[in-house]
Every structure is written in structure tokens, then in C-alpha cells.
Amino acid sequence: MFEKSVAIFGSTGSIGRQSIEVARKHKIKVKALTARGDIDRLEAQIREFKPEFCAVLDERKALELKSKVSDTSTVILGGENAIEELAFEVKCDMFLNSIIGKAGLRPTLAAIESGKNVALANKETLVTAGTIIMEKARRKNVSVLPVDSEHCAIFQCLEGYPSKQVSRLILTASGGPFFGKKREELKNITPEMALAHPTWNMGQKITIDSATLMNKGFEVIEACHLFNVDVDRVDVVVHRESIIHSMVEYIDNAVLAQMGVPDMRTCIQYALTYPDRYEGLQEKLDLAKIGKLTFAEADKNTFVLLDLAYKSMRAGGLIPAVLNGANEEAVYLFLNHKIAFTDIMDLVRDVVANYKNTDNPTVEDIEKADLEARELVRELSKQ
Ligand code: MN3
């Protein structure tokens, strides 16, 4: 019987729903749930898991949910502050953050501040404020465990070895749907084309980020923070089959890889059950059936956002937050057919290149830079 309890923030999104499957499988006690506004799904989750609290970002929807589940003992809260407060107040062994976008930052900070271990699926947290988050986690003596296949793989490959024996982290990248294409061929790509072929079960924003390789760039930044490794010791290799989830090279040139069928539930479960392993939800890996695994260099000249992530990490300060904010806005404009696929890359590059950086920013500085980056993208996109 699994003893730990969890709070799942962002429980109705792609990762949230897969986390719910893991909780169901292992009868993990769910203490709190939050979502933006999908109250039908929340109601079903409340009835199944009977959490103590449920917070909804949309306050009107929170009231609606409150009347729907008035026959249960779950306390319903509404609004952004309620979500942040709940992250601090809820008592649980693991705080799982699968909130989408920058709204995930403050709840992570609150959970760490209250001394909870965090399973982190929200990328923005580490990309925009990785230094602040990891410093706070060290001070509070809490763990930040990754819920992403690449970082979960690296985390597993690092088990048992001192960090000074690590020479390089090697992140694998599926390459996205447009692997092998050159810039000219990317110009007329529509949102529908970009959303057509994901290997992983994931949301729209991250599917576009995978197509531009921005997602891999963010993962490079996250890896630096999570594992305290310099950005120049993090490499990316394209691996189309998504079977090797990432690797660690040691000083003796031995490379450890973690493999498995691509399934996010594996990493969600590992973060929740660490340091133990439990029966998995994913299929078993059949290498003979797969036949061969291939590798290629990432095309940083075409997919410029990957290289920009390295530069942003080296620049530090506010630049990773500017990169994230600009990209999120550009992807939003692309999904709404306002700009071309290649404009995502150009707009983000231009906004990052012209932003005035600050060292050691506060959370407020980071949030301000995020808003400014978005505004700059909107302005530039109209020119
Ligand atoms: Mn990933």
C-alpha cells in the first residue's frame, strides 16, 4: 500500500489527467486539486478522490462547482490567490505542479516555502526563476523532482554517483514534426500541420514548442538548474524514436541511458514514488520489435530557438524569463493564425536580443519582464 499523499495542481490538463491515472493505480491519497475552469472534470475527480480542497482559477466557475459538489466534504476555493495560498497551506507529502504557463511559478514558491517536496511538471517555474527556486529549495531542505521524461531520465542516471564525476548531460530530442526541414520549407506551416503528429501525449503549446525546438531549449535551461550543471555541459541529440529519454556521460566516458516506451505516466509515477519503484502503467519496452535506434545532430541553424536558449542561460538574469514570455506570446499568435511559423523564431529572437538585462532579479522583476516581453512581441508582430 502506497503511503504518501499528493496535491495535484493543474489536475485537468494533459499531465494532470495522467497524474490522476497514477494516483488511481496506486491508490495515492489526493489532498487537493486545482484547475483553471474545467469544473465537469474537477467534479468527477472530487467524487473519485475526495480531496480536502479544490481551487478553481475562474471564480465564477468555482461558485458553480461549489453548488455541484455541495453534498461532498471538499472545500471549494476560487481565484489566483486561493491557489497560491492552498499551495502553502495544504498538508501533503508531495506537491505536484502541472499548472500550464507562468501561473505555475507562485504556487511552486509557496509550496517550497511551506517545506513541501515538489514534483515539477511546470516548465516556466525553472526556466524563468530557476535560480530563486533552487536556492529556496536548498534553504528549506526540500526536493524538486522533475516530471519530464528527459529530466526524469537524467535524474535516474545520476543516482548513486557524485556530481564531480559527471562530464555531460545529453538530452534526447524527438526533433519534432519538421525535423530535416530547412527554413524556406517552414514558412507555410499552419497550426494544424504543427499539431498533427506528436509522439508524446501533450498539450498544444508544448507541441508547438517541440516543433520549434524551443521546448528542448527550455529543457536545457531546466537541466542546468535541477542538476546544478553549467549550460556548456548540457548537449542535445536528436533521437526520433523517443526510446532513450536522456543520458549522462561520466568522466570515464561511460554513458548511462534510461529507456522506455514514451509515456509521461512513467515520470509522474517516479517523481511520486521516488526512491521506490512500483508497477508501471506504460507498456513494456520491446527493443527487438523497434529494431533500431537512430541519432542525429540538432539543426541549430534552422531551429534557432534551441541556440537562443543556450545564449539566454549564459546571459542569466531576466533573459530566460524574457525568452519564455516572448515565446509563449508568439506561439499564442501563431495558434490563432496571426503570424507565420517562422515568425515565432524571429519575434522571440528580436525581443530577447533587445531586452535590457538585470542581475539577480526578484520574482516581481521576473513577472514584469515576462509581461514586457509579451507586449514587445505583440507590438513587433503588427509591424
Ligand atoms: Mn520533455
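In each ligand, atom 1 is the first atom listed, and ligand 1 is the first ligand listed. All values below were derived from every heavy atom in this structure, side-chain atoms included, with hydrogens, water molecules and symmetry-related copies excluded.
When the N, O or S atoms of E150 are ranked by distance to the Mn ion (ligand 1), OE1 comes first. D148 contributes OD1 as its N, O or S atom closest to the Mn ion (ligand 1). The closest approach of E219 to the Mn ion (ligand 1), by N/O/S atoms, is made by OE2.
For the pair K25 and Y278, the cation-pi criterion (under 6.0 Å, within 45° of the ring axis) is not fulfilled.
Residues L65 and L42 come closest through the heavy atom pair CD2-CD1, 4.0 Å. Taking both residues in full, the closest heavy atoms of I99 and G10 are given as CG1-N, 3.9 Å, listed atom of the first, atom of the second, then distance.
Interatomic distance, OH of Y161 versus CG of L256, reported as 5.5 Å (0.5 Å rounding).
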